[in-house]
Amino acid sequence: MDTTPTGGPGLPQERRLVTEIPGPESQARLARKKEHVADGVGTALPVFVTAAGGGVLQDVDGNSLIDLGSGIAVTTVGNAAPRVVERLTAQAAAFTHTCFMVTPYDGYVDVCAKLAELTPGDHPKKSALFNSGAEAVENAVKIARSATGRDAVAVFDHAYHGRTNLTMAMTAKNMPYKHRFGPFAGEVYRAPLSYPARDGLSGAEAAARAIDVLDKQVGADNLACLVIEPILGEGGFVVPADGFLPALKEWTEAKGIVFVADEIQSGFCRTGDWFACDHEGVVPDLVTTAKGIAGGMPLAAVTGRAEIMDAVHVGGLGGTYGGNPVACAAALGAIEEMQEHDLVGRARAIGDLMRARLEDLAGKHDVIADIRGRGAMMAIELNEPGTANPDPVRAAAVNAHCHRQGVVTLTCGTWGNVFRFLPPLSTSDELLHEAFDVVAEAFAATA
Ligand SMILES: *Cc1c(COP(=O)(O)O)cnc(C)c1O
């Protein structure tokens, strides 16, 4: 008998707890994990998953959990989304790999054409495909250096760009991403970000501060690129003050610096637009994408101005698996889901629902110092009441309560005091309300 569980939107859309979390079956598997998997690979909520879809994850003990994390902003179209499964299954049956650098295929070119259509700006664009977000960021830097003949890279406070050597240098937070992993790549310089809840600066003021640091400490003429998350991911879902991104863009344009928007977490409908840059009409020179692009399959891209992308010599970009045909098929299926189901609109509606619930919660718990985000990328920051002191202890307690009650919540932020809410866009309003009822209970229980 085929006992393979079927996921996707057909899975019963309910929170169902039949054991403690993690249950006995998950606990037995955790012992195996401990035996075979390196301890450095942690897990936030150790239930072993058997099927997922819509807005839920089902585990080996028969529990069904509400997913507010989308596997870190990946399953935007939902887990095992029908068009993704259909297209990748057909592609896997046709061929699984040729290496695009050896013999090409349509799926790769189709994804690049879609990226040109969907990313900000209507200038001529080209793309190159990779496997992970970090790899895309590394390649954006390679391309910017090749195009400008300059070395230096500007990044920002609280930034997260990945875990490879160069992207660790670009990432701000030491623990757990960088600790004891140095020495790091050179020529990476950090500027202050706009963080409205903490610095109180306007976008123009914060941009002037960042530009002054870069001008005086690095020199605009030495900068190949400026790399920024238009809404921070890992760093705490910080939305820079209005005008910050446009002012930086204007400065980079005047100084011949390549403006790279790292939209790996914020891209592909998440924020209630195709890309977070769209909210302020900022048109980056290069955009890095990954996570939400392919419904869970590993795929990443650098997309940008054709003349910048083409600065690199033939053979200078690539990789064995970059733009794998199965991953490309999944991306085409995911993009079709986004377009046909108006997931941009759905992200906005989910954002409105979450904001209303979070505002209600903040009215009852003064530990909640800030509510921020756009669309289905919302966060709350927890501080000791009446102070700017981060409260990661309370955040951890609330998080643990949610997990025990079958809601997959994720924390983030430099101080670990931020909750980020990023459900799959295939989650029903009913499930979202139930999840936020649990979050509310968690705040009450830990008060
Ligand atoms: C996740 C993330 C990355 C790294 O992506 P990986 O696929 O994990 O290498 C880079 N930048 C941002 C903004 C991210 O959220």
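Source: prediction; values computed, not measured. Counting convention: from 1, in listed order, for ligands and their atoms alike.
Within a 6.0 Å sphere centred on CD of Glu359, other residues, nucleotides and ligands contribute more than 12 heavy atoms.
Seen from the ring of Trp415, Arg198 counts as a face-on cation partner, given the 6.0 Å and 45° thresholds. Annotation: cation-pi pair Lys173/Tyr160 absent, no NZ/CZ under 6.0 Å from the ring centroid and within 45° of its normal.
Polar contact check, Ala134 against ligand 1: a nitrogen or oxygen pair lies under 3.5 Å apart. Of the N or O atoms in Gln265, one or more lie within a sub-3.5 Å distance of an N or O in ligand 1. Checking only distances, Glu135 never comes within under 3.5 Å of ligand 1, N or O to N or O.
Annotation: atom 6 (P) of ligand 1 to nearest protein heavy atom, Gly133 N, 3.4 Å. Counting protein heavy atoms only, atom 11 (N) of ligand 1 is closest to Asp262 OD2, 2.7 Å. Nearest protein heavy-atom neighbour of atom 15 (O) of ligand 1: Lys291 NZ, 2.6 Å.
In this structure, Glu234 has no heavy atom closer than 4.0 Å to ligand 1.
Ring planes of Phe419 and Phe421: parallel class, angle under 30° (limits at 30 and 60°).
Here is the list of ligand 1 atoms found below 4.0 Å of a heavy atom in Glu229: 13 (C). Near Ser132, with a cut-off below 4.0 Å to any heavy atom, the atoms of ligand 1 are 7 (O), 9 (O).
Thr303 places none of its side-chain heavy atoms less than 4.5 Å from the side chain of Lys126.
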Next on the checklist: Would His161 and Thr288 count as a side-chain contact (heavy atoms from CB on, under 4.5 Å) here? Give the steps.
Outcome noted: CA-CA 10 Å; His161 297 294; Thr288 54; over 6 Å; no

